[in-house]
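Since the structure comes first, as structure tokens, the remarks are kept for the end.
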2 protein chains.
Amino acid sequence: MMQTYTIGQLGRLTDTKVETVRYYERIGLLPHPPRSVGNYRVYDGAHLARLGFIRRARELGFPLDQVRELLELSGQEARSCEQVDELVQAHVTDIERRIHDLQTLRQELTQLLAQCQHGKIAECRIIEALQPRVTG
Amino acid sequence: MMQTYTIGQLGRLTDTKVETVRYYERIGLLPHPPRSVGNYRVYDGAHLARLGFIRRARELGFPLDQVRELLELSGQEARSCEQVDELVQAHVTDIERRIHDLQTLRQELTQLLAQCQHGKIAECRIIEALQPRVTG
DNA sequence: ATCCACCCTGTAGTCACTACAGGGTCAAGA
DNA sequence: TCTTGACCCTGTAGTGACTACAGGGTGGAT
Ligand SMILES: [Zn+2]
Ligand SMILES: [Zn+2]
Ligand SMILES: [Zn+2]
Ligand SMILES: [Zn+2]
């Protein structure tokens, strides 16, 4: 009576390309499912849940090795969630650093754009700013 | 009397790894330099300037194919800088989109962290939020 | 002569997929 | 029964922008 799924169905349910599901299996993130007589992969609800977890974590920007850790931790129900916190907090810090870097970049580029007088390339401040100071 | 540089010197002057300089040559971003009798690459000031330009553009986050366009444009001095503007503006827009995406992510994660009660993993809201709603 | 820092080529690894090529399976309709 | 067409299989290679070797050759100083 257990519900089963083909790889395509699993993909549709989790918004995952079929190739990606196979990729997750190849790198050991999803277990090898049993096969049908025609050699098709046969998934069940547990696979669906696990893939859903992976995809949600990916949406939240966790790299796959951190997803792996989160999966590992999620199975140890009696344990304290301290490590989960740490992992998520580190990820937030990383995201904040990336935001900061991009804001700096945006600032620099916007300043360049503001200086451009829309003339010939020979006088363009943007191109000029890219020319390195050739200290000779 | 023309100044020349080995690949290592060029790398030091532009903060570029030697492998990266060779990589730029391989993909046609830097011209093949002449070689010494011992088959060493021999660079001159023009190479140095071009590599400097590439590295500065990379620091500003331009992908290599846009760097290629910028290099192309920078050589056409009589032309209007309209295309330069467009390219840079598109890049800024892209950066702004990335900032926005990261801020959304940060918000989601921060909310998750705030909900965690620091108990057992079985009750952890973070893990819970990653479990997909298994709608039968 | 020997050392060491530097240079050479070529290949493979990174991350997280994605895109084929070249086949096999399965259910439905004519 | 035959044939479509949607789906599945494996294996390999491509993406961006490098980075890291392995296994050798070169050049200058001691
Ligand atoms: Zn302009
Ligand atoms: Zn301009
Ligand atoms: Zn906690
Ligand atoms: Zn918790």
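Proteins come first, then strands; the chains are lettered A, B, ... in the order of their sequence lines, and each starts at number 1.
Within the 4.5 Å cutoff, the side chain of B/Tyr5 has heavy atoms near those of the B/Leu48 side chain. Taking 4.5 Å as the limit, every side-chain heavy atom of A/Leu87 sits out of range of all side-chain heavy atoms of B/Ile126.
Proximity of B/Arg41 to the phosphate of C/dC7: no side-chain N or O atom is located under 4.0 Å from OP1 or OP2.
Atom CZ in B/Arg68 sits about 10 Å away from atom P in D/dG16, given to the nearest Å. To the nearest angstrom, P of D/dT10 lies 8 Å from CD1 of A/Ile7.
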Return a single string for nucleotides 11-26 of chain C, one symbol per nucleotide in 5' to 3' order, where B is base contact, S is sugar-phosphate-only contact and - is none, cutoff 4.0 angstrom on heavy atoms.
-----BBBB----BBS

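Of the residues listed (A/Val92, A/Leu60, A/Asp85), the one engaging B/Leu112 in a side-chain contact (heavy atoms from CB on, under 4.5 Å) is A/Leu60, and it is the only one.
Put simply, the side chain of B/Thr16 gets close to the backbone of B/Thr14: a donor and an acceptor are under 3.5 Å apart.
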List the steps and the verdict of salt bridge (charged side-chain N to carboxylate O under 4.0 Å, His left out) for A/Glu59 and A/Arg56.
CA-CA 5 Å; A/Glu59 276 174 28; A/Arg56 181 83 187 105; 3.1 Å; yes

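Side chains of A/Arg55 and A/Tyr24: a donor on one and an acceptor on the other come within 3.5 Å.
Note on B/Ile27: nothing from the nucleic acid sits closer than 4.0 angstrom, heavy atoms only.
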